[in-house]
Amino acid sequence: MSDYLIELKNIGKRFGGVRALEDVSLAIRPGEIHCLAGENGSGKSTIIKVMSGIYTPDEGEIVIDGEPVGRLDPIRAVGHGIQVIYQDFSLFGNLTVAENLALNTYLLEGRSRMDWHRAHEMARDVLARIGVAIDPDAEVGSLPTSGKQIVAIARAILARARLIVMDEPTTALTRHEVEALFTIVRDLKAQGIAILFVSHKMREMLEISERLTVFRNGRKVAEGAMRDFDEATITHAMTGLDLTDDPYRPEIPDGPPLLEVTGLSVPGTVERVALSLRPGEIVGISGLIGSGRTELARALFGMEPRMTGEIRLDGRPARPRSVQEAIARGIAYVPEDRLTEGLFLPQSIERNLVVSILDRLRRGLFLDRRAVRARTAEMFAAMQIAAPSPETPAGNLSGGNAQRVMLGRWLLTGARVLILNGPTVGVDVGSKATIHRIIRDLATRDGLAVLMISDDVPELVTNCNRIHVMHRGRFVAELAGAEMTETRINDTLKTLT
Amino acid sequence: MKILNSTEFVIACVLVAAMVLIGLVNPAFWGFDNLFSLAKSNVVIGIMALGVLLVMISGGIDVSLPSFAVAALYIVVRAMVELNYDGVLLPFIAAALIGLVLGAFNALIIERFRMIPLIVTLGTASIVRGLLLGLMGASIVNINKMPKELIAFGKHDLVTVQAANGASYGLTAMVLVYLGLAVAMHLVLRYTMIGRSVYAYGTDAESARRAGFNTRRTIWFVYCTAGLLAGLAGMLHTSMIWQANPRDFQGLELDVIAAVVLGGASIFGGRGSVLGTLIGVFMLVMVKNSLILLKVDTTWQRVVVGMIIVTATAITARRDRRKLA
Amino acid sequence: MTTTPETRPLIRRLLGSDAAIAQLVVITVLIFVAMTAMNPDKFLRYYNFESISYIMPELGILSIAMMIAMLTGGIDLSVVGVANLAAIVAGVYFRIPAVQEAIGAGGAGVVMHTVAAVLIALLVGLAAGVINGLLIARLRIIPILATLGTGQIFAGLALVLTGGPAIVGFPQTWAWIGTGKILGLATPLWVLIVVALLVAVALTRTTLGVSLMLIGTNPRAAIFAGIRSGRMILYSYMLTGVLSAIAGVLLSGRTNSAKADFGASYLLQAVLIAVLGGTNPAGGKGRVLGVLLALIALMLLSSGLQIMRMSNFLIDAVWGGFLVVVIAINYLRSQK
């Protein structure tokens, strides 16, 4: 019997001309909690897909229980007890918990009859085994994220998992829910099930993992027992850089605030938030998904018609009733998910840039083509967008360039308040620094007031003048100056329930 | 209470209210003759609606079923006349098979070429109707030429009621075929894995694939079954009206879809039930038939059907939007 | 960084780098050659093309309307209903005794009342478009179902207005719209040319056109970018409604009558031509030039088949088959 449950040896995988994985090895022992760390684009998701049989590697060997397996396909991977829980959980929202749990097992057993009675029994058993109380008759779509995650874990257990791979499992969870998840995970370990966490959230991983593997640019750059690492060494391994970003601490001239928000509420999500932004200031908001941070941003951008409270720009009341009004008043919002909410992927960069000023580029009935081209050229240069031409579809751009197009779009509107939601999600390390520099320039040089919402605590600490911690729709803490450290913020987040 | 919140309950309440209202305006509504004829009108559109329900749960839409039904019935009846064959079972099997093959054609294009079902079925509907009328002619097989056993089969009644004036009204036994198919469909949807795969596919095709469903098989099952049901519906139609007209069912696809939507199925997929569809079909047929009882000119029928579609979809659009938010 | 060179040859600029357009040109030429070869002495006659030029425009305008609805990922299944309703309302106008009297008197009154009837027809189309647009953009009913329902309503109202039989008795001036000539070309063809040019310019050179493409590409991003999506979608269905009404005027002018169930097969054909012309039914892509090429290809095909005495039913089947073939070709091309 081998020491390892699964060994991936010298795996290589290429997509067209791009090397996604190069000579990568990863080995997982039965019943261990292993962490796979790496930035976006480091090859983490590719290796998961190799393990679960979705991708066939170009080079290398996969060994399970000491036996080399030739080609691994999804069904054989499941047969070997490998279960992947993706970030979206792949559950059926319209179906009940019991059915979601039973479907996989029945499919595995090749059944053709849907046995509801047994489905309920299975659901009750497995939920009891995890130790949570979820109604098997509830529709999965009505559960909170943490509940869906538990259903996904339960489903993996029912499929006789020996290794559960969890992709960014803590992103949407409150600290309290993370604790609950870790309890479940330790319990699974005790039952001999190995766990592979794939994550870039170092602190939480340090807490629970026993061993660590770090990927960077498709290669393995570090591995070993967790106790041999600390946050700094892991970050160094992940990025290949020491933290080069100097903190952003410019002198903000005292003066009246540009944006002033008092008593802003959105029923059910945001409660009586007060906020002020001066020109040149970058203010951060740290909070979990569901803390109301996105709704706050949407409210400022005129997308929450039920909002109450006061919003002033330059001291004048300026509560936007629509997106168009917000844009006209100089408010800009770069949403969280560039691909679904930001860009028009098959359309040209030019159209992506000028979309929000189409009305201003009109001469009579028609668009002024010369003006369109001129404004595009201007932003193309100012944002240093690397693309063959403005006709290139936005879908061909890298994460960093795509984000520059988004920023360029808002600069064209003459925005004075810039709201950024997850400004560097899905952006590689090199571009991340450039985007931070662009944002800082916009603040210092152009006098924009920036509101930065981010999951990435170090990003907030290095780029913001002040940071608000948001929880359950309220600002629960404000940190500035010397008290603005990663530890402080993480500690604050930790105490929240 | 869960039941009180269910879509079926709401539709049933609306139905009862409508029945009471129509009955108040014209008490003839409650006469056996009217109720029996209503039940009869449910059969053909209802069986097709079961097919469309299946397609809609899978997230698609199908406007080709009426042309498949008419093709099946006309080919079979013409063949029977040519061959001098008379019988019941074999013709029904043949019609079902014709429907199945045509449904497989839909499945092939939708599954292989990943095209939007609406556009595919618009195309196949016109191919089938065009070929039928172009190759087989447009002549009607009337009652004199219709196979006698088929007519006899269509004449079966469950119960007959003697009215005061001596006329007798029967409740056609075809209702049993309809209800039998409905129960079968309910059992398949609820208690088989292939039935559940239709819901899973309609909810989220990608997740269904990941979960290990053979989603190709699901699509084939959905469109083939729908075609098969259309074939059966066509055959029942011809044996109940004692003639075979290749121009029948023009525009019926809209009524069928309206009935299914009225029954609470979501055009976004993943939602819909046989019970709801039965009620939706009954409601649509009842409103259309009752316009005469309510002394509304028949030319208004299409306007009313249109209004019903728009109102029903406006309500479900609100519901689905709430669910999505 | 580079700018688009202004020196691109005119032909490339017209056709764009669109592979779908190139494919269409090939298909059209192939059909033309095949039909000429199969009907050596009958196909290449002036009369044949002249008759195409009278029939083609009404379908062409409906197809352009369908393409506009598809730009935002929608569809308009009510176009034929709107066309017939518009023509019938115009027919009803001509039945008003005062109007009949004025037309009987001849002179400028005839032209005036004809113009008035055209305007009334267009207004009917506009109103129908507003209803569709409001249902889709405000009540957020999915376009298939909304226009399925309104299509029934419009067709039903047309039936109510006529009571069943066709409306006849349009004045000569009305018939001229459908059968007359300007500068040696069929009047309807002129109408198609003008409509095509206007729509092409509107789609590429105006805020409305660009917005519709962007909404169709990514409706969520359109909201975040500050596009007035609801209003733009409403406008697009208003445009679709007006275009349908124009098609209705041409159809009733050509046949000198109006009926509730005219042109039923046009619905499928309009969808087919729009899709064949490179329009993406999921939204975001569509060009007038593509639609026109597809229209010409199919008109040549059916006129050739008619010369070969194929029945109209079979020609319908051929069109449906063509749709399936095009879907297959597009799929295979996207797989490369």
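Note that the structure is a prediction, hence the values are computed from the model and not measured. Sequence lines set the chain letters: A, B, ... in the order given, protein chains first and strands last, and positions in each chain run from 1.
- Residues C:Val160 and B:Asp297 fail the side-chain proximity criterion, which asks for heavy atoms closer than 4.5 Å.
- Considering only heavy-atom pairs separated by less than 4.5 Å from chain C, the leading option among B:Thr124, B:Leu118, B:Val305 is B:Leu118.
- Considering C:Leu139, C:Ile142, C:Ile141 in turn, C:Ile141 is the only one that fulfils the side-chain contact (heavy atoms from CB on, under 4.5 Å) rule with B:Thr313.
- When heavy atoms are compared at a cutoff of 4.5 Å, B:Leu132 does not approach chain C at all.
- Looking only at heavy-atom pairs under 4.5 Å with chain B, the residue among C:Asp316, C:Leu323, C:Ile153 that has the most is C:Ile153.
- Interface remark: C:Leu135 contributes side-chain atoms only to the contact with chain B (heavy atom separation under 4.5 Å).
- Heavy-atom distances place both the backbone and the side chain of C:Leu145 under 4.5 Å from chain B.
- Around the CH2 atom of B:Trp300, the shell of radius 6.0 Å holds no more than 12 heavy atoms that belong to other residues, nucleotides or ligands.
- Residue B:Arg129: no heavy atom, backbone or side chain, is found under 4.5 Å from chain C.
- Both the backbone and the side chain of C:Leu157 come within less than 4.5 Å of a heavy atom in chain B.
- We find the CD1-CD1 distance between C:Ile144 and B:Ile267 to be 4.5 Å, quoted to the nearest 0.5 Å.
- If you measure heavy-atom distances from B:Ile127 to chain C, the contacts under 4.5 Å come from both the backbone and the side chain.
- Neither the backbone nor the side chain of B:Val304 has a heavy atom closer than 4.5 Å to any heavy atom of chain C.
- In this structure, chain C has no heavy atom under 4.5 Å from any part of B:Ile308.
- B:Ile119 places a side-chain heavy atom less than 4.5 Å from the side chain of C:Met70.
- The number of heavy atoms from other shown groups lying within 6.0 Å of CE (C:Met310) is above 12.
- Only the side chain of B:Ile109 comes within less than 4.5 Å of a heavy atom in chain C; its backbone stays farther off.
- Contacts between C:Ile75 and chain B at a heavy-atom distance below 4.5 Å involve the side chain alone, from C-beta outward.
- Looking at C:Ala328, both its backbone and its side chain come within 4.5 Å of chain B, counting heavy atoms on both sides.
- Only the side chain of B:Ile116 comes within contact range of chain C, with heavy atoms under 4.5 Å apart.
- By the 4.5 Å heavy-atom criterion applied to side chains, C:Leu148 and B:Ile257 are counted as neighbours.
- Between the CZ atom of B:Arg114 and the CD1 atom of C:Ile327 there is a distance of 13.5 Å, given to the nearest 0.5 Å.
- Using a 4.5 Å heavy-atom cutoff, the side chains of C:Pro281 and B:Met115 are in contact.
- B:Gly306 and C:Gln152 make their closest contact through CA-CB, 3.6 Å (heavy atoms, listed as atom of the first residue, atom of the second, distance).
- How far CG of C:Leu267 is from OG of B:Ser126: 10.5 Å, rounded to the nearest 0.5 Å.
- To the nearest 0.5 Å, atom CD1 of residue B:Ile309 and atom OG1 of residue C:Thr150 are 9.0 Å apart.
- To the nearest 0.5 angstrom, C:Ser311 atom OG is 8.0 Å from B:Leu133 atom CG.
- Neither the backbone nor the side chain of C:Val318 comes within less than 4.5 Å of any heavy atom of chain B.
- Interface residue B:Leu131: backbone and side-chain heavy atoms are both found under 4.5 Å from chain C.
- Minimum interatomic distance between C:Leu159 and B:Thr299 (heavy atoms only, all atoms of both residues): CD2-O, 4.0 Å.
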